[in-house]
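Heads up, the thing below is written out as structure tokens.
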There are 2 protein chains.
Amino acid sequence: MAFSKKEEFTKEDMWLADIAKALAHPARIRILKILTSMNACMVGNIVEQLPLSQSTVSQHLKELKRVGLIEGEIDGPKVCYCINNKTLTKAKKEMDKLYSKLCNC
Amino acid sequence: MAFSKKEEFTKEDMWLADIAKALAHPARIRILKILTSMNACMVGNIVEQLPLSQSTVSQHLKELKRVGLIEGEIDGPKVCYCINNKTLTKAKKEMDKLYSKLCNC
DNA sequence: AAATATCATCGTATATTTACGATGAACGAT
DNA sequence: ATCGTTCATCGTAAATATACGATGATATTT
């Protein structure tokens, strides 16, 4: 039943909530930072830097990919992930818009 | 078992993830917007504007209060909620910092 | 072709989230 | 004191999220 009423909100609010959901785990924030600092990164490289198993990291990558914050490119047997700047820029813009709406500062 | 590895991340990442979690539902984004537009608001007033039951809205308010994004003040039998600008400002600042770290723009 | 390396997906267990109706607590009004 | 109003909390059900090991798929290497 969870989230069954989602359709009754605006697309804008749902999109923002969805981006927020993707950011709602420290591992995923960490992954984004890692991808930025390394520019692009193999999965194994990311796994090394997190206290999580390979399969769990893979799930987190999937969630980030779902909302378009990252992209994966197959490179032989490896997969190279990188930040999707287009989505990230949009997220930044929409979050800014939200905060400027909410904030008296 | 969910989230059991959380301690192994930085406080900064955990705080950001927690704020993101509070924003990870369209109803809660809507609530923040309502509270801003009305400056402050009784619960019943918020419930009227959402396609959710009173008890569900109460839970969403609780989640927003948990991370300090809103505050409730008892006013007779009613409760008056308002935005906590201090937390909101901090959230905006930290989110900005994150995005400027991540974004090539 | 067989073995290895890399990563996604499956299966599973547990915790959390979302939602609602029902109940309870606190207050004001009668 | 009793009643209605307001809101939080409890109990419950279903969906999602988190985590892991095991397995599967794909590509490279031998």
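Per chain, numbering begins at 1; letters A, B, ... match sequence-line order.
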- Is there a side-chain contact (heavy atoms from CB on, under 4.5 Å) between L32(A) and L23(A) once you walk through the steps? CA-CA 9 Å; L32(A) 292 176; L23(A) 298 177; 3.6 Å; yes
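Closest to the side chain of S55(B), out of dA8(D), dG21(C), dA19(D), is dG21(C). Of the candidates dC7(C), dA17(D), dA8(D), dC7(C) carries the atom nearest the V43(A) side chain, counting heavy atoms from C-beta on. With dC7(D), dC7(C), dA19(C) as the choices, the nucleotide that has an atom nearest any side-chain atom of M42(B) turns out to be dC7(D). Listed nucleotides: dC20(C), dT18(C), dA8(C). Nearest to the side chain of V79(A): dA8(C). Comparing dT6(D), dA8(C), dC20(D) by their nearest atom to the side chain of S58(A) picks out dA8(C). Comparing dA5(C), dA8(C), dT6(D) by their nearest atom to the side chain of P77(B) picks out dT6(D).
Between the CG atom in L35(A) and the CG atom in L88(A) there is a gap of 11.0 Å [rounded to 0.5 Å].
Following rounding to the nearest Å, E71(B) (CD) and dA8(D) (C1') show an atom-to-atom distance of 18 Å. Going from atom CD of E8(B) over to atom C1' of dT18(D) covers 14 Å, rounded to whole Å. In this structure, the CD atom of E73(A) is 15 Å from the C1' atom of dC7(C), given to the nearest Å. When the P atom of dT6(C) is taken as reference, atom CD of E48(A) falls 10 Å away, rounded to whole Å. As rounded to whole Å, 9 Å separates atom C1' of dT17(C) from atom NE2 of H25(B). We find that CZ of R30(A) is positioned 18 Å from P of dT18(D), with the value rounded to whole Å. Taking atom CG on D75(A) and atom C1' on dT28(D), their separation rounds to 11 Å, with Å as the unit. In this structure, the CZ atom of F9(B) is 11 Å from the C1' atom of dA19(D), given to the nearest Å.
The aromatic rings of H60(B) and H25(B) sit tilted, their planes meeting at an angle between 30° and 60°.
The main-chain N or O of Q59(B) is never found under 3.5 Å from a side-chain atom of E63(B) such that the two would form a donor-acceptor pair. At least one donor-acceptor pair closer than 3.5 Å links the side chain of R28(A) to the backbone N or O of K21(A). R30(B) places no side-chain N or O within 3.5 Å of a backbone atom of T10(A) that could act as its donor or acceptor partner.
Side-chain atoms of Q59(A) and base atoms of dA8(C) include no donor and acceptor less than 3.5 Å apart.
Linking Ile, Leu, Val, Met, Phe, Trp and Tyr residues whenever their side-chain heavy atoms come within less than 4.5 Å places V79(A) and I46(A) in a single cluster.
For the pair H60(A) and dA19(D), the criterion of a side-chain N or O lying under 4.0 Å from OP1 or OP2 is met. A sub-4.0 Å separation between OP1 or OP2 of dT6(D) and a side-chain N or O of Y81(B) is absent. Residue S53(A) places at least one side-chain N or O under 4.0 Å from the OP1 or OP2 atom of dC20(D). For K78(A) and dT28(D), the shortest distance from a side-chain N or O to OP1 or OP2 is not below 4.0 Å. Side-chain N/O atoms of K21(B) include none lying less than 4.0 angstrom from OP1 or OP2 on dT16(C).
Using a 4.0 Å cut-off on heavy atoms, none of the residues of residues 61-70 of chain B approach DNA chain C.
Among K101(B), K90(B), K93(B), the single residue meeting the salt bridge (charged side-chain N to carboxylate O under 4.0 Å, His left out) criterion with E12(B) is K101(B).
Nucleotides of DNA chain D nearest to Q54(A) and Q54(B) differ in position, and the one nearer the 5' end is that of Q54(B).
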